[in-house]
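Since the structure comes first, as structure tokens, the remarks are kept for the end.
Side chains included, hydrogens not; waters and symmetry mates left out as well; all remaining heavy atoms used. None of these values were measured; they are calculated from a predicted model. By convention in this document, chain letters (A, B, ...) are assigned in the order of the sequence lines, proteins followed by strands, and residues within each chain are numbered from 1.
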Amino acid sequence: MAGYDPQRIEAKWQRIWEERDAFGAVDQDPARQKYYALEMLPYPSGTLHMGHMRNYTIGDAVARYKRMCGYNVLHPIGWDAFGLPAENAAIKRGVPPREWTNANIAQMKTVCKRFGFSYDWQREISTCEPEYYRWNQWFFLRMLERDLAYRKLSRVNWCPQCQTVLANEQVIDGFCWQHDTTPVESKEIEQWFLRITQYADALLEGIQELAGGWPERVLIMQQNWIGKSRGARVEFAVADVSVPPLEVFTTRIDTIYGVSAVLLSPAHPSVPQLLAGVPGSGSLQKQLQAMQQRSVKMEELATAEKVGFFTGRFARNPFSGERVPIWVANFVLAEYGTGAVMAVPAHDQRDYEFATKYGLPVKIVIQPSSGAPLRKDRMTEAYVEYGRLVDSGPYTGLASDQAVERMAADAAAKGFGRAETTYRLKDWGISRQRYWGTPIPVVYCRDHGVVGVGDDQLPVRLPENVTLTGQGKSPLANVKEFLQTTCPNCGGPAERETDTMDTFIDSSWYFYRYTDPRNDRAPFDKATAAYWFQIDQYIGGVEHAILHLIYARFFCKVMNELGLVDHREPIQRLFSQGMVLKDGVKMSKSKGNIVGAIEMADKYGCDTGRMYTLFAAPPEKDLEWSEQGIEGSSRFLNRVFRLVERHAERLRPVALDWSSQTDFARATAKEKILVRKTHQTLKRVTNDFEARWHFNTSIALIMELVNELTAQEPLDREVAPAVLKRVLSALVLMLSPMTPHIAEEMWEILGNPGTISAGGRTPGSGMAVWPPYREDLTQEEQVEIIIQINGRVRGKILVDSSLGEDETKDLAVSDSRIAPLVGGKQITKVISVPKKLVNIVLK
RNA sequence: GCGGAAGUGGCGGAAUUGGCAGACGCGCCAGCCUUAGGAGCUGGUGGCCGCAAGGCCGUAGGGGUUCGAGUCCCUUCUUCCGCACCA
């Protein structure tokens with residue numbers, strides 16, 4: 001009896017798996033069905049934390065389960081290696097970003113191997129390598145050719161002291177992360193954008209295809225993110241001065257007779273013209289500047305107090321002819337709609353608050369279809385529902401939905417408006433004024449303007465040996481050898497683009513690269529990718545529900561148009577896992593509550609850690625880390641190991657034969673109990689893997705099976721060795737996707753042939769298969785029926801499971817404990833749920 | 001602010017389809033074993049009342065639908081996540 005020694009066992013089996021290349025995926029394997037299991041690639045921050053560990057443990061359990069079910073499984077890993085933290089490390093400590101990144105990758109790779117995750121390491125990729133990022137550039141050039149990439153002015157966070165652009169993360173409560181007394185300003189610069197909005201409808205339609213495979217909440221979030229809304233544009237002519245009419249976008253044209261102002265975004269192009277020549281214009285300009293310099297962050301913008309000022313100008317409501325004041329308001333977004341809205345205080349809450357603050361009139365033009373009519377003197381908030389129009393000229397009396405259509409049509413006919421669909425989705429700004437990212441492959445030529453670099457010039461390499469200061473212009477602008485180049489068109493002098501790409505580009509297509517990671521002629525081979533795609537199961541944190549996943553879907557649609565892939569959605573099934581918490585808050589460096597994965601593996605063994613992360617909570621929910629909880633998992637694995645060791649010697653020579661299942665007619669009572677429990681467990685654990693993914697209940701069920709085995713000791717009496725061998729082998733196989741090392745060891749101790757994990761690129765080398773359950777062996781002979789009176793439990797009876805419904809009801813009513821309670825009262829009805837319950841309803 | 005979730009014993013959680021609330025584990029209590037125990041084994045463990053049999057209460061709060069509600073509906077509250085330059 002050696003006892004359970006996780007460190008020894010885990011090293012042993014990891015070595016054997018590696019020697020046998022057990023997890024290699026086979027391209028185009030004709031013998032097996034493919035299964036592509038993928039976890040979101042990590043940013044190599046240095047420590048593999050519990051969030052990663054949880055993600056990979058879930059994915060690994062699924063990959064291993066699918067292999068046991070006979071699939072050719074692709075289960076790769078890579079590194080999302082570009083990004084801000086490497087650059088910050090360089091600024092703070094002078095370590096070159098590549099060095100810092102690669103050291104982190106090496107460290108995290110060691111931890112991944114220590115946990116026995118069944119990756120195909122031959123397909124490992126790192127996005128900061130030119131072999132990878134050249135294809136980012138290639139995709140960019142394809143988009144440039146198709147006018148899907150373009151330049152426009154856009155706002156960035158600007159630190160006047162650093163003289164540099166800041167990421168949102170570097171803006172802390174409106175101040176620069178380096179200078180907490182310097183307020184961050186907003187500044188407009190020319191940047192590159194991708195026309196994701198052109199695919200807004202395609203992305204919406206794709207949601208239909210994803211329904212069922214993706215979590216409902218993620219699809220709803222994406223749908224709201226795209227935010228399609230049908231509305232109308234209406235032109236308000238400007239009075240007294242010659243300024244082009246102000247176009248407002250509204251989804252509620254039916255409320256237009258209630259307009260009390262036109263509100264413009266501080267960035268609206270007509271604002272300067274409107275302010276010119278207005279008395280007191282100087283003070284207004286100052287207010288405008290203050291608004292324009294506010295943070296770029298949406299949540300700060302949205303919670304900021306609503307402020308505005310009257311421009312001194314008026315516009316004309318094209319429907320009523322009324323003169324309405326033109327205001328500038330901070331809550332009107334330049335990027336959405338037309339950057340101008342009509343304020344209808346009575347029927348829009350934001351407008352109501354704005355009007356209350358600044359004393360604008362509130363005019364009711366919609367009355368509820370039912371209930372008490374609105375009264376201005378009793379109003380405490382806007383009435384935003386549809387209703388019936390009042391005080392609306394010729395439209396008075398119409399219902400809102402009719403009015404919306406008719407008024408938009410009339411506006412079009414009269415030439416001052418039209419129905420229009422808008423989206424909340426904005427084009428994807430991909431320019432970053434930073435070093436550690438993919439160089440954008442364009443040059444600026446004096447004669448030819450913006451010119452894309454030729455494919456034969458790729459990759460445009462990121463220069464090494466660059467000193468990063470975190471100050472001034474984009475780091476690449478200071479590298480002469482990089483900056484100065486020639487124009488691909490004319491050969492004349494030209495300058496390279498010095499912005500790099502958003503790292504979301506890297507992660508938008510990386511999963512295709514895994515199918516063909518060393519290809520130097522194309523991002524990937526079409527046929528190979530076609531074999532592996534779509535991704536059967538993608539697993540990652542819910543924080544990526546919107547951005548990463550919508551960008552990835554967008555890329556797929558572009559790739560489809562480029563003829564690289566035939567599908568339009570890359571991911572068939574998505575699973576969003578919960579976070580790992582410590583003491584109720586997210587584990588993070590800033591909180592100082594990180595539990596490192598490697599420390600835990602050293603203390604308990606990785607199988608214990610894997611088991612605990614699966615057991616402590618269902619995977620989609622947040623997981624509270626508990627040191628005591630993990631002790632319980634350790635204890636359980638020790639208990640199972642001792643149980644198997646105790647009986648292994650006797651069972652070793654017995655052949656494992658699934659086909660000769662137990663015949664209940666000749667089975668002992670103990671055998672019946674154990675075989676039933678085993679098949680019930682198999683059935684439910686299989687269901688957990690196939691449908692529910694509630695590994696916490698799978699483990700609870702396996703614990704129950706172990707408890708039952710312990711309760712039936714001594715197991716060398718009244719249990720045939722062949723039966724016990726099947727039971728224990730099934731137990732070990734059920735554990736193996738979750739705790740693979742201890743399972744392999746127990747499989748070997750039991751004298752079973754081969755290994756549980758084998759195959760990979762050398763299939764047919766004795767891999768164990770997931771044992772099927774037999775329905776007839778899960779059935780109990782007797783069932784307990786709950787007897788209720790008026791829905792309250794009053795008794796229980798044990799009946800033959802074959803007993804009919806009516807007989808069961810009769811037995812229940814005449815039961816010795818029930819009869820006295822029923823006696824003399826009138827039975828209204830008796831409700832019966834077969835094999836579960838009888839409810840007697842008394843008057 | 002907008003969008004998305006969640007709320008069940010001392011704790012993590014279970015209840016898969018509207019049908020015994022608290023599976024499984026942690027912790028705690030008692031006993032056994034042991035030279036010893038932060039090891040192992042056995043049993044107990046939602047609250048209140050009761051010697052017991054048993055009864056009543058109980059799934060964030062309030063209301064509703066139903067023979068029956070943790071589960072469905074309405075409403076209030078609290079917490080967490082995302083919001084486009086962190087990844």
Sugar-phosphate only, base, or nothing, as touched by [X] at under 4.0 Å among non-hydrogen atoms:
| X | answer |
| --- | --- |
| A/Phe331 | nothing |
| A/Arg155 | nothing |
| A/Phe615 | base |
| A/Arg217 | sugar-phosphate |
| A/Leu547 | base |
| A/Leu84 | sugar-phosphate |
| A/Glu784 | base |
| A/Glu713 | nothing |
| A/Arg792 | sugar-phosphate |
| A/Asp622 | sugar-phosphate |
| A/Ala545 | nothing |
| A/Asn168 | sugar-phosphate |
| A/Pro42 | nothing |
| A/Ser626 | nothing |

Nearest to the side chain of [X], which nucleotide is it out of [options]?
| X | options | answer |
| --- | --- | --- |
| A/Ile546 | B/C86, B/G82, B/C41 | B/G82 |
| A/Arg794 | B/A15, B/C56, B/G3 | B/C56 |
| A/Lys621 | B/G19, B/G40, B/G13 | B/G13 |
| A/Asn707 | B/A87, B/C85, B/C24 | B/C24 |
| A/Met703 | B/C85, B/C67, B/G25 | B/G25 |

[X] and [Y]: side-chain donor and acceptor closer than 3.5 Å?
| X | Y | answer |
| --- | --- | --- |
| A/Ser507 | A/Tyr43 | no |
| A/Thr697 | A/Asp688 | yes |
| A/Gln222 | A/Trp214 | no |

- Task: Could you say whether A/Gln628 or A/Val841 is positioned toward the 5' end of RNA chain B, judged by the nucleotide with the nearest heavy atom to each?
- Result: A/Gln628
- Start at the 5' end of RNA chain B and walk down; is the nucleotide closest to A/Trp225 or to A/Val218 reached first?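 Checking each residue's closest nucleotide, the 5'-ward one belongs to A/Val218.
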- Message: Pair A/Glu620, A/Arg217 - check salt bridge (charged side-chain N to carboxylate O under 4.0 Å, His left out), show working.
- Response: CA-CA 12 Å; A/Glu620 75 276 11; A/Arg217 58 177 162 154; over 6 Å; no
- Message: If you take any heavy atom closer than 4.0 Å to RNA chain B, which residues from residues 424-440 of chain A end up in contact?
- Response: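 When residues 424-440 of chain A is checked for heavy atoms under 4.0 Å from RNA chain B, the hits, listed by number, are A/Arg424, A/Leu425, A/Lys426, A/Gly429, A/Ser431, A/Arg432, A/Gln433, A/Arg434.
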- In whole angstroms, the gap separating C1' of B/C24 from CG of A/Asp688 amounts to 13 Å
- Rounded to whole angstrom units, what separation is found between the CD1 atom of A/Ile840 and the C1' atom of B/G19? 15 Å
- Message: Just confirming the chi classification of B/G9, syn or anti, using 90° around 0 as the syn window.
- Response: syn
- Task: Would you verify whether the NZ or CZ of A/Lys306 falls within 45 degrees of the ring axis of A/Phe354 while also being under 6.0 Å from that six-membered ring's centre?
- Result: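 Not flagged: A/Lys306 not positioned over aromatic ring of A/Phe354.
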- Task: Search all heavy atoms of A/Asp506 against all heavy atoms of A/Asp502 and return the closest pair with its distance.
- Result: OD1-O, 3.7 Å
